[in-house]
Amino acid sequence: SFRILLDPIYGTGMLTLRKTYQKIGIRNIHEIHSIHDTNFGGLQPNPIPQNMETDARLVLNEGYDIAIGTDSDCDRLAILDEKGQYVDANEIMAALYFYLIHYRGEKGDIVKNVTTSLLIDRVAEKLGYHCHTVDVGFKNITQGMKDYDALLGGESSGGLTIRGYLYGKDSTFSSALFLEMMANLHQPVSKIIQEIKDFANYHMAF
C-alpha cells in the first residue's frame, strides 16, 4: 500500500526498478526523470540531496511514503522519508543490517569502507557482531565479505550487497530490501531510522 516516488535520474534504474517492485506486489508507483537522456537532464546523475529537491517537494505536496533515488548505473541508493528528509547511505545500511539481524534472525558481521559512519560500528557492536573496515573501493568491500563471511557490506556513497547475492552493489536489490523492511515493520521511514539511532545511542550527523 506504499505510495512510492521513484527517481532514477535518467539512468538505468528506469529499466529495472518499477518492474521489480511490481513483481513483488507494489503498484502505487510514480516516476520522474525516467526517460532515456544521455545528458541526464543537465543533472549530475547521482542521488545527492541537491539533486532530489524536486522529489522532496513532491513527497510533501503529494503525500508519498518514500522517495527512492538512484544514480546513472543504478548502483547507488538514496531515500527521502515521508517528511521529504534525506536519508543518507550510512542510515540506510545501518537500518538494513539491524533489520536483517534483529527482525529476520540473520547472522553475521558487516563490512564498510573507511569513509562510512561510526553508526554502523555502534549497531554491529550492540547486536553482538563486528564491523570490519576496509579501504575505499567496492572490490575491498566484497573481499572483506568473503574473508569474514559477512552478512552485509556497503559504502557511504550508497552501494551495498548481501551475503548470497552478487559481489557488487545493486540498488534495484537494496531498495527492494528496504521496501520489504518497511512492509514488515509497518513503520514510516522516519521512525525506522530513529529506532536505529536510538538503539545505537548515536545521534550525530555522520
Side-chain angles (χ1 to χ4, degrees), residues 1-9 13 16-18 20-34 47-71 74 76-106 110 116-117 119-120 122-124 126-127 151-152 154 156 158-160 162 170-206:
S1 61
F2 307 139
R3 298 193 70 235
I4 298 174
L5 177 63
L6 185 57
D7 186 357
I9 314 183
T16 61
L17 294 165
R18 176 186 282 272
T20 300
Y21 301 163
Q22 289 177 334
K23 190 170 183 179
I24 62 176
I26 298 171
R27 295 287 179 267
N28 199 345
I29 304 166
H30 177 70
E31 286 182 89
I32 63 172
H33 304 150
S34 59
I48 53 180
Q50 55 264 43
N51 286 344
M52 297 188 72
E53 292 176 354
T54 298
D55 307 71
R57 288 193 296 270
L58 288 170
V59 167
L60 290 174
N61 293 336
E62 301 186 19
Y64 290 100
D65 297 298
I66 184 174
I68 294 171
T70 56
D71 69 334
C74 199
R76 296 184 179 188
L77 173 67
I79 284 171
L80 302 182
D81 68 15
E82 75 285 356
K83 302 173 185 178
Q85 298 296 309
Y86 191 80
V87 180
D88 70 28
N90 303 292
E91 295 165 334
I92 293 170
M93 185 160 55
L96 289 175
Y97 184 62
F98 180 76
Y99 166 69
L100 290 167
I101 299 286
H102 186 73
Y103 289 102
R104 268 186 35 175
E106 306 282 352
I110 187 169
T116 305
S117 171
L119 171 63
I120 313 297
R122 292 278 185 87
V123 170
K126 292 206 69 174
L127 288 169
L151 173 63
L152 198 71
S156 57
L160 62 87
I162 192 173
D170 174 13
S171 291
T172 301
F173 164 76
S174 57
S175 62
L177 181 61
F178 197 96
L179 293 173
E180 177 200 307
M181 175 175 64
M182 287 178 63
N184 286 339
L185 299 186
H186 304 288
Q187 291 182 348
V189 176
S190 63
K191 287 192 176 295
I192 291 172
I193 301 304
Q194 189 62 49
E195 179 183 10
I196 302 309
K197 292 181 176 180
D198 290 345
F199 172 78
N201 192 26
Y202 190 91
H203 297 279
M204 288 179 278
F206 185 75

Inset, instruction - Would you indicate whether the side-chain heavy atoms of Leu185 and Tyr103 approach each other to under 4.5 Å? - result: yes
Inset, instruction - Begin from the C-alpha positions of Asp7 and Ile68 and carry the test side-chain contact (heavy atoms from CB on, under 4.5 Å) through to its verdict. - result: CA-CA 6 Å; Asp7 186 357; Ile68 294 171; over 6 Å; no
Inset, instruction - Quick one: list whatever passes side-chain contact (heavy atoms from CB on, under 4.5 Å) with Glu180, sequence neighbours left out. - result: Tyr99, Arg104, Leu177, Asn184
Legend entry - Side-chain touch Phe98/Glu195, heavy atoms, less than 4.5 angstrom: yes
Legend entry - Ala183 to Phe2 - nearest heavy-atom pair and separation: N-CZ, 3.4 Å
Inset, instruction - Provide the closest heavy-atom pair for Val59 versus Ala67 in the form atom of the first, atom of the second, distance. - result: CG2-CB, 3.8 Å
Inset, instruction - Return yes if some donor-acceptor pair links the side-chain N/O of Glu82 with the main-chain N/O of Tyr64 below 3.5 Å, else return no. - result: no
Legend entry - Under 3.5 Å donor-acceptor, Asn90 side chain and Ser156 backbone: no
Inset, instruction - Before giving the answer on side-chain contact (heavy atoms from CB on, under 4.5 Å), spell out for Leu151 and Ile110 the whole-Å C-alpha distance, their side-chain angles and the decisive distance to 0.1 Å. - result: CA-CA 6 Å; Leu151 173 63; Ile110 187 169; over 6 Å; no
Legend entry - Residue pair Ile193 / Asp81, side-chain heavy-atom distance below 4.5 Å: no
Legend entry - Flag side-chain contact, heavy atom, 4.5 Å: Phe178 against Ile66: yes
Inset, instruction - For residues Leu127 and Tyr97, determine if any side-chain heavy atom of one lies less than 4.5 Å from a side-chain heavy atom of the other. - result: yes
Legend entry - Donor-acceptor pair, side chain of Lys83 and main chain of Leu60, under 3.5 angstrom: no
Legend entry - Contacts of Asp198 that satisfy side-chain contact (heavy atoms from CB on, under 4.5 Å) - sequence neighbours left out: Gln194, His203
Inset, instruction - Please tell me if the side chains of Ile9 and Asp71 come closer than 4.5 Å, counting only heavy atoms from C-beta onward. - result: no
Legend entry - Donor-acceptor under 3.5 Å (Arg27 side chain, Gln22 main chain): yes
Legend entry - For the student: nearest non-hydrogen atoms of Thr70 and Leu77, plus distance: CG2-CD1, 4.4 Å
Inset, instruction - Verify side-chain contact (heavy atoms from CB on, under 4.5 Å) between Leu179 and Ile4, making sure each step is shown before the conclusion. - result: CA-CA 10 Å; Leu179 293 173; Ile4 298 174; 3.8 Å; yes
Legend entry - Close side-chain approach of Met182 to Ile192, heavy-atom, < 4.5 Å: yes
Inset, instruction - For Thr16, check side-chain contact (heavy atoms from CB on, under 4.5 Å) against everything at least two apart and list the hits. - result: Cys74, Thr172
Inset, instruction - State whether the side chain of Asn51 and the backbone N or O of Pro47 hold a donor-acceptor pair below 3.5 Å, judged by distance alone. - result: no
Inset, instruction - Carefully, step by step, assess Gln85 and Leu80 under the rule side-chain contact (heavy atoms from CB on, under 4.5 Å). - result: CA-CA 5 Å; Gln85 298 296 309; Leu80 302 182; over 6 Å; no
Legend entry - Heavy-atom side-chain proximity of Arg57 to Glu53 below 4.5 angstrom: yes
Legend entry - Main-chain N/O of Arg3 paired to Asp65 side chain as donor or acceptor, under 3.5 Å: yes
Legend entry - Pair Lys197 + Glu91, salt bridge at N-O below 4.0 Å: yes
